[in-house]
Amino acid sequence: MLAADGTPHHYAGNGENPVFAFRLGRIGLASTGIYSLDRSLFRFVAPSATERRLIGPRATVALGRNGEAVSAS
């Protein structure tokens, strides 16, 4: 979702498909996993990701101006 000010938000509403926030170099990202509850996203898609963070169920994550994950409920 994009807020009125353009801030992107990602809602973690499915307990069986977790949302992760992480960095690839200078870029901040929020993404669902690629397969259910495992962490294969980091094994197959983004192995060099840093600042990995699991977003809790029913939470919303936004990316700040510098790509950092900022949680908001």
Side-chain angles (χ1 to χ4, degrees):
M1 170 194 100
L2 289 176
D5 67 358
T7 304
H9 292 263
H10 194 315
Y11 177 65
N14 182 344
E16 294 186 16
N17 194 9
V19 171
F20 301 95
F22 55 97
R23 295 185 75 83
L24 288 176
R26 296 179 7 195
I27 301 169
L29 298 148
S31 175
T32 58
I34 60 172
Y35 181 76
S36 298
L37 294 173
D38 70 10
R39 304 265 191 300
S40 58
L41 171 69
F42 299 115
R43 190 172 339 136
F44 298 116
V45 178
S48 62
T50 60
E51 299 180 34
R52 298 176 185 184
R53 188 169 158 195
L54 175 63
I55 306 304
R58 299 185 184 186
T60 300
V61 65
L63 299 177
R65 186 177 227 25
N66 296 316
E68 73 280 8
V70 181
S71 289
S73 294

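Below, all heavy atoms of this structure are taken into account, side chains as well, without hydrogens, waters or symmetry copies. Remember, it's a predicted structure, so these values are computed and weren't measured experimentally. The first residue of the sequence shown is numbered 1, and numbering continues consecutively from there.
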Quick one: closest heavy-atom pair of [X] and [Y], and the distance?
X   : Y   : answer
A21 : I55 : CB-CD1, 4.0 Å
S48 : L24 : OG-CD2, 3.9 Å
V19 : Y11 : CG2-O, 4.1 Å
A69 : V61 : CB-CG2, 3.9 Å
P18 : L54 : CB-CD1, 3.6 Å
R23 : G25 : NE-O, 3.6 Å

*Step-by-step side-chain contact (heavy atoms from CB on, under 4.5 Å) determination, L63 to H10*: CA-CA 9 Å; L63 299 177; H10 194 315; over 6 Å; no

*asked:* With a 3.5 Å distance limit and no angle check, can you tell me whether E68 reaches the backbone of N66 through a side-chain donor-acceptor pair?
replied: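 Present.
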
*Has R52 got its NZ or CZ under 6.0 Å from the middle of the six-membered ring of F20, at an angle within 45 degrees of the ring axis?*
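No.
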
*Report the distance from atom CZ of R65 to atom OG1 of T7, rounding to the nearest 0.5 Å.*
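Reported value, rounded in 0.5 Å steps: 9.5 Å.
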
*Would you check, one step at a time, whether the test side-chain contact (heavy atoms from CB on, under 4.5 Å) holds for S31 with F22?*
CA-CA 8 Å; S31 175; F22 55 97; 4.1 Å; yes

